[in-house]
Amino acid sequence: MKRIVLIALGVLAASTGAFAQTPDIDTPLLALPQNLRADAGVVKWKPDHTYDALKPSKNGLVCYDRSGLPLQQPFSLECTAEGNLPRVKQNMEAEALGDKMKSEAKLGEQEKAGTRVKPVYGSVWYHLMGMSKEMARTHMTIAVPGATQASMGLPENGRSGGVWIMNAGTTTAHLMTPGE
């Protein structure tokens, strides 16, 4: 009888392992255009702001789910260049303070001290965010750290209706496009 119970428990343990949840690598990729998804990587951020690679990148892009994290929408996906992950880590550490003003102050201090990690110049940041997956909207920016109107010839505000530089002259400088 003991042998039957042990075998049954062994079978149950093995089948439970077979049904264990696998990490979701499809959802974070939704922030990317369809033609970039197959080769993009996926990471899962941990509470200590390190991450596990769930899928390696073949195209230099990596995606992750930020849903429900401090200062994020209930549904929030982001993708960017692998080289931007150290900056993402800084962002997440600041956002973990849970207060937008404190977060921005911390990042501002890093900017002033020269310790703010620069994003990869020309890298794209893809976002899909909203109150739910069904209500999510896309947003895309292009990192141009340090760029100004003088260096790029683009305006530093959106009043002209065309592409413009937001946060000009900082590591956070990025191109904004109308309607994005």
Side-chain angles (χ1 to χ4, degrees), residues 16-108 116-117 119-120 122-144 157-158 161-167 170-180:
T16 302
F19 292 109
Q21 285 190 340
T22 57
D24 181 4
I25 60 170
D26 295 325
T27 299
L29 297 169
L30 294 175
L32 287 175
Q34 180 69 38
N35 64 329
L36 298 175
R37 294 177 188 169
D39 290 337
V42 176
V43 299
K44 179 168 178 53
W45 288 95
K46 299 189 251 184
D48 67 353
H49 305 115
T50 60
Y51 60 86
D52 290 323
L54 304 179
K55 177 186 173 207
S57 177
K58 295 178 185 174
N59 62 5
L61 295 172
V62 65
C63 301
Y64 37 92
D65 191 338
R66 299 185 70 187
S67 300
L69 294 178
L71 305 183
Q72 296 300 311
Q73 295 276 338
F75 183 80
S76 181
L77 308 176
E78 188 171 81
C79 302
T80 191
E82 285 181 290
N84 287 334
L85 290 177
R87 184 174 179 94
V88 174
K89 178 180 178 171
Q90 270 188 337
N91 292 347
M92 294 178 90
E93 289 170 343
E95 291 167 0
L97 297 172
D99 179 277
K100 188 169 174 86
M101 290 179 65
K102 288 179 183 177
S103 173
E104 288 178 4
K106 180 176 182 169
L107 295 173
R116 184 77 167 108
V117 177
V120 175
S123 61
V124 181
W125 294 76
Y126 299 93
H127 304 270
L128 180 63
M129 57 198 163
M131 292 306 293
S132 67
K133 182 178 179 181
E134 296 74 29
M135 297 174 66
R137 66 173 183 85
T138 61
H139 181 64
M140 180 190 72
T141 61
I142 301 169
V144 288
N157 62 57
V163 174
W164 60 285
I165 306 168
M166 185 172 198
N167 300 327
T170 70
T171 64
T172 308
H174 58 279
L175 299 180
M176 297 290 292
T177 56
E180 272 295 310

(request) Could I get the full list of salt bridge (Lys or Arg N to Asp or Glu O under 4.0 Å) partners for Arg66, not counting sequence neighbours? (result)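 Residues passing salt bridge (Lys or Arg N to Asp or Glu O under 4.0 Å) with Arg66: Glu78, Glu95.
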(message) Name the residue from Val120, Val62, Val117 that meets the side-chain contact (heavy atoms from CB on, under 4.5 Å) definition with Asn84.
(response)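 Among the candidates, only Val120 passes.
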Residues two or more places apart in sequence or in another chain: which of them pass side-chain hydrogen bond (donor to acceptor under 3.5 Å, both in side chains) with [X]?
{"X": "Asn35", "result": "none"}
{"X": "Lys100", "result": "Glu104"}
{"X": "Arg37", "result": "Gln34"}
{"X": "Lys58", "result": "none"}

For [X] and [Y], work out which heavy atoms get closest and say how close.
{"X": "Val88", "Y": "Trp45", "value": "CG1-CZ2, 3.5 Å"}
{"X": "Leu97", "Y": "Lys102", "value": "CD1-O, 3.7 Å"}
{"X": "Val124", "Y": "Thr80", "value": "O-OG1, 3.0 Å"}
{"X": "Pro74", "Y": "Met131", "value": "CB-O, 3.5 Å"}
{"X": "Leu77", "Y": "Ser67", "value": "CD2-OG, 4.5 Å"}
{"X": "Ala31", "Y": "Tyr126", "value": "O-CB, 3.5 Å"}

Nearest 0.5 Å please: distance from the [atom1] atom of [X] over to the [atom2] atom of [Y].
{"X": "Gln73", "Y": "His127", "atom1": "CD", "atom2": "NE2", "result": "12.0 Å"}
{"X": "Asn167", "Y": "His174", "atom1": "CG", "atom2": "NE2", "result": "5.5 Å"}
{"X": "Tyr51", "Y": "Lys89", "atom1": "OH", "atom2": "NZ", "result": "9.5 Å"}
{"X": "His49", "Y": "Leu69", "atom1": "NE2", "atom2": "CG", "result": "7.5 Å"}
{"X": "Leu29", "Y": "Leu128", "atom1": "CG", "atom2": "CG", "result": "11.5 Å"}
{"X": "Ile165", "Y": "Thr170", "atom1": "CD1", "atom2": "OG1", "result": "10.5 Å"}

(message) Side chains of Arg87 and Thr171: any donor to acceptor distance under 3.5 Å?
(response)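 Looking only at side-chain atoms, Arg87 and Thr171 do form a donor-acceptor pair, the distance falling under 3.5 Å.
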For residues [X] and [Y], determine if any side-chain heavy atom of one lies less than 4.5 Å from a side-chain heavy atom of the other.
{"X": "Gln72", "Y": "Met129", "value": "no"}
{"X": "Asp24", "Y": "Asp65", "value": "no"}
{"X": "Arg116", "Y": "Asn91", "value": "yes"}

(message) More than 12 heavy atoms of other residues, nucleotides or ligands under 6.0 Å from NZ of Lys55: yes or no?
(response)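 For Lys55, atom NZ is crowded (more than 12 foreign heavy atoms under 6.0 Å).
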(request) Only pairs at least two apart or in different chains count here, so list each disulfide bond (SG atoms under 2.5 Å apart) that has a residue in residues 27-99. (result)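 Output for this query lists Cys63-Cys79.
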(message) Looking at Thr141 and Leu175, would you say the former's side chain and the latter's main chain have a donor-acceptor pair under 3.5 Å?
(response)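 Answer holds: no.
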